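Here is how names work: the chains are called A, B, and so on, in the same order as the sequence lines, proteins then strands, and each is numbered from 1. Here the structure is a predicted model, which means the values were calculated and not measured.
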Amino acid sequence: MAMNDSSDPFHDPMASDGAPRALSARHLERLNETQRRAVETTDGPVLVLAGAGTGKTRVLTTRLGHILLSGKAHPQEILAVTFTNKAAREMKERVADLVGRPVEGWWIGTFHALAARVLRRHADLVGLKSNFTILDTDDQNRLIKELLPAQGIDSQRWPPKVVGGVLQRWKDRALGPEKVTGAEGSDIAEGRVVALYRAYQERLKQLNAADFGDLLLHCVTIFQAAPDVLARYQERFRYILVDEYQDTNVAQYLWLRLLAQKHKNICCVGDDDQSIYSWRGAEVGNILRFEKDFPGAVIIRLERNYRSTPHILAAASGLIAHNQGRLGKTLWTDLDGGEKVRVRGVWDSPQEARAIGDEMETLHRRGDPLSSMAVLVRTGAQTRELEECLITMGIAYRVVGGLRFYERQEIRDVVAYLRVIAQPDDDLAFMRIVNLPKRGLGEASLRDVHLYARAQGISLYRAAGRLVETDELRPAARRALGALIAHFEAWRGRSAEIKLAELLDQVLNGSGYLQMWREDKALDAPGRVENLKELTVGIEPFETLEMFLEHVALVMENETASEDDKVTLMTLHGAKGLEFDTVFMPGWEEGLFPHQRALDETGTRGLEEERRLAYVGLTRARQRAVILFAANRRIFGQWKSALPSRFLEELPGEHVERIVETGLYGNAGINAGSGGPGVPVAFPARLRAAPRTGQEASRRRTQGADDDAPFGVGVRVFHQKFGYGRVRAVDGDKLEIAFDKAGVKKVMTSFIRPADAL
DNA sequence: TGTTAACCGATTTTT
DNA sequence: TCGGTTAACA
């Protein structure tokens with residue numbers, strides 16, 4: 001994953017490889033006719049419209065293998081680009097498998113990783129050194145926060161996050177500060193953002209740093225300003241493959257188009273119906289315009305679906321047909337049978353969670369593994385109620401998404417130490433840890449360092465190094481800062497000789513950082529110590545500090561889920577590219593899905609993107625899709641009533657089974673479906689929920705006699721999610737616990753540990 | 001300089 | 001309702 005070719009960019013290690021051999025017939029036989037055409041149409045521009053579940057990845061990897069093994073190009077002449085590290089890894093593995101040799105050093109990777117690789121080689125052309133630091137969003141916002149006052153921008157009205165977002169969007173569109181027109185920035189912070197953008201880019205240069213957007217933007221700038229450099233890359237990449245083309249932003253599009261200009265053998269795979277990231281700069285227009293951009297392009301539609309039952313496909317197709325301006329394609333399958341898509345209306349959100357839990361339990365008892373089921377929600381907040389329900393029911397689950405490993409505070413802190421070792425001029429990293437753990441370096445001493453650095457035009461680290469030689473600082477501060485600098489010098493001196501894990505160990509212990517967390521009595525401190533230990537394991541495989549830092553910067557992903565049998569809870573966005581036997585989709589209500597903000601902010605465009613999101617959700621299901629909506633839901637602590645989602649009406653009735661709880665609001669707003677016991681009742685203009693009492697806990701499965709209750713009343717216990725608490729009552733394998741923070745809950749014993757066992 | 005109290009805002013997320 | 005962030009305080 002880290003960049004691992006230090007060789008000359010145009011040296012071709014595979015050139016002396018043996019004679020090309022044809023891709024084995026076996027691989028081609030496994031493709032259907034259309035797929036095979038997508039693989040074998042190697043020359044000229046090709047757009048593969050790959051519907052959900054139509055074997056897109058297989059086509060991509062087989063195509064790459066085919067180009068290679070038919071002798072059309074050497075590995076170093078093929079560029080294969082993905083969006084996520086996960087997709088890149090998958091492609092590398094499958095290609096390696098196909099061609100029977102490792103693919104290290106090949107140009108297969110994410111846009112950002114590959115762009116970084118190019119940029120490191122020509123960094124000087126945009127005023128950077130090749131060892132520049134890659135900043136993430138958090139660094140970016142800290143930097144902007146520092147710069148706001150100088151531009152006279154009120155950080156209350158224009159929070160760094162918001163301003164950072166604006167800058168990022170500009171970069172997505174390949175607009176440097178010089179290209180942003182006055183009109184564009186005029187409505188933000190009284191038109192002062194453009195000046196801030198300029199200052200920000202200037203500061204990045206000083207820091208020898210690039211943010212994510214810069215990786216692409218700088219490349220495009222280089223390609224446009226240095227035709228000779230561009231020409232070499234154009235010459236080199238005879239074949240270009242792009243995954244998830246509908247998600248590309250303008251900068252990525254330009255990057256690709258420039259590179260493809262010479263040979264024009266570019267194959268983009270994507271699905272306009274699965275474009276769900278416009279809010280982060282993706283331009284569906286890129287895929288819609290492909291034929292115009294690349295005259296003579298061949299368009300191949302992969303429509304045969306190998307994933308879902310006919311009812312699911314028909315429901316999804318019927319829904320997405322309500323969108324305008326599609327390239328158009330119709331999924332089909334030759335499987336038969338299967339269940340209709342089920343739509344179920346319930347009174348309130350706890351009942352919705354309960355209905356999901358009940359069905360999971362039924363399926364599980366019938367033999368379906370929990371890992372074959374997923375709940376896909378529109379917003380992250382929806383998982384809370386589900387989690388509470390699943391915990392009381394004793395159904396193991398995992399929430400995908402949320403804070404990632406490298407985003408954790410303690411990991412970022414330690415990485416900051418490593419960054420200062422690798423690049424002493426990294427002021428952001430230096431500031432982060434200069435007084436962490438507390439070394440008595442307060443505002444006053446640091447201001448002195450800042451002033452000195454600015455006066456001398458040097459970095460904070462160097463300024464600190466010089467200042468400790470003088471007596472300008474308070475003796476205590478001087479001593480502390482001197483000790484820190486001495487540590488860094490020692491670590492840096494050793495960093496090339498010792499193993500990375502050992503270096504990390506020395507940093508953790510020598511800095512006092514690990515000790516700080518060990519002594520911390522906070523509830524989560526032990527977990528942080530644990531994470532730091534994990535980091536020492538994670539760092540091991542890397543050869544150099546630089547390679548590790550590149551990995552940290554570009555591979556922000558969560559570790560892959562464990563093998564445990566658990567149901568998956570995630571957002572619809574997070575589910576793209578995945579599949580499950582059974583998919584539950586709660587919260588199909590107006591305002592939540594489609595989300596009100598999407599409607600308010602981007603109107604019809606927003607609505608269509610929400611509809612695509614629904615389409616993505618439905619097409620994740622192999623066997624069974626269950627959609628739910630609740631008449632009442634607690635939003636920000638307040639009970640609110642809602643109408644069923646308009647998407648429900650758009651699902652073709654003959655493929656859907658509707659079950660609406662009696663006495664709800666009848667079938668107002670939704671078609672009377674087949675077989676549902678719903679009774680039409682006038683829908684009250686305003687439904688105030690009277691939250692129901694006590695019914696949820698009453699129905700119990702009777703368990704075999706398990707009398708080894710280690711948790712008596714009054715025992716102090718710990719729960720993974722709810723924290724510490726005290727047992728109030730015992731009921732078989734369920735405990736009623738008064739949690740210190742989370743209140744009184746009923747929880748299965750299996751989720752509980754004695755408090756002192758930690 | 002560190003801790004608490006009030007305050008605000010609250011889709012979606014990768015790199 | 002909750003959590004993150006800032007302002008006020010000891």
Lys/Arg N to Asp/Glu carboxylate O, R412(A) vs D139(A), below 4.0 Å: yes
Lys/Arg N to Asp/Glu carboxylate O, E104(A) vs K92(A), below 4.0 Å: no
Touch class at under 4.0 angstrom, heavy-atom based, for G380(A) against every strand present: sugar-phosphate
Residue pair I134(A) / E550(A), side-chain heavy-atom distance below 4.5 Å: yes
Side-chain heavy-atom pair E589(A), S645(A) within 4.5 angstrom cut-off: no
T84(A) or H573(A), whichever maps to the more 5' nucleotide of DNA chain B: H573(A)
Sugar-phosphate only, base, or nothing, as touched by E244(A) at under 4.0 Å among non-hydrogen atoms: nothing
Pair D271(A)-Y245(A), side-chain donor/acceptor within less than 3.5 Å: no
Separation of atom CD1 in I134(A) from atom P in dT14(B), rounded to whole Å: 17 Å
Residue T110(A), side-chain heavy atoms: nucleotide from dT15(B), dT13(B), dA10(B) that is nearest: dT15(B)
Rounded distance in Å - CD (E601(A)) to P (dA10(B)): 10 Å
Options dG2(B), dT15(B), dT1(C), nucleotide nearest the side-chain atoms of F636(A): dT1(C)
Phosphate OP1/OP2 of dT11(B): any R280(A) side-chain N/O under 4.0 Å: no
Value in whole Å for how far the P atom of dT13(B) lies from CZ of F212(A): 16 Å
Distance, rounded to the nearest Å, where K640(A) contributes NZ and dA10(B) contributes P: 14 Å
Distance in angstrom units between K86(A) NZ and dT13(B) P, rounded: 14 Å
Sugar-phosphate, base or nothing in reach of Q252(A), heavy atoms under 4.0 Å: nothing
Between H573(A) and Y277(A), ring centroids under 6.0 Å: yes
Closest nucleotide among dT15(B), dT11(B), dT1(C) to the N85(A) side chain: dT15(B)
Presence of T571(A) side-chain N/O under 4.0 Å of dT13(B) phosphate oxygens OP1/OP2: yes
Parallel, tilted or perpendicular: rings of H551(A) and F542(A) (30°, 60°): tilted
Nearest-angstrom distance from the residue atom CG of L607(A) to P of dT11(B): 18 Å
Rounded distance (Å) that lies between atom C1' of dT13(B) and atom CZ of F405(A): 20 Å
Stacking check F83(A) vs dT15(B) (5.5 Å / 30 deg): no
Distance below 4.0 Å between K145(A) side-chain N/O and dT6(C) OP1 or OP2: yes
Side-chain N or O of R384(A) closer than 4.0 Å to phosphate OP1/OP2 of dG3(C): yes
Interatomic distance, D600(A) CG vs dT11(B) C1' [rounded to whole Å]: 12 Å
Contiguous Watson-Crick or G-U pair runs (3 or more, under 3.5 Å) in DNA chain B: B:1-10 with C:1-10
Closest to side chain of H595(A), choosing from dT11(B), dT15(B), dG2(B): dT11(B)
Note: R611(A)-E650(A) ion pair, threshold 4.0 Å (strictly below): yes
side-chain N/O R597(A) vs dT11(B) OP1/OP2, d < 4.0 Å: yes
Residue met sooner reading DNA chain B from 5', once K438(A) and Y277(A) are mapped to nucleotides: K438(A)
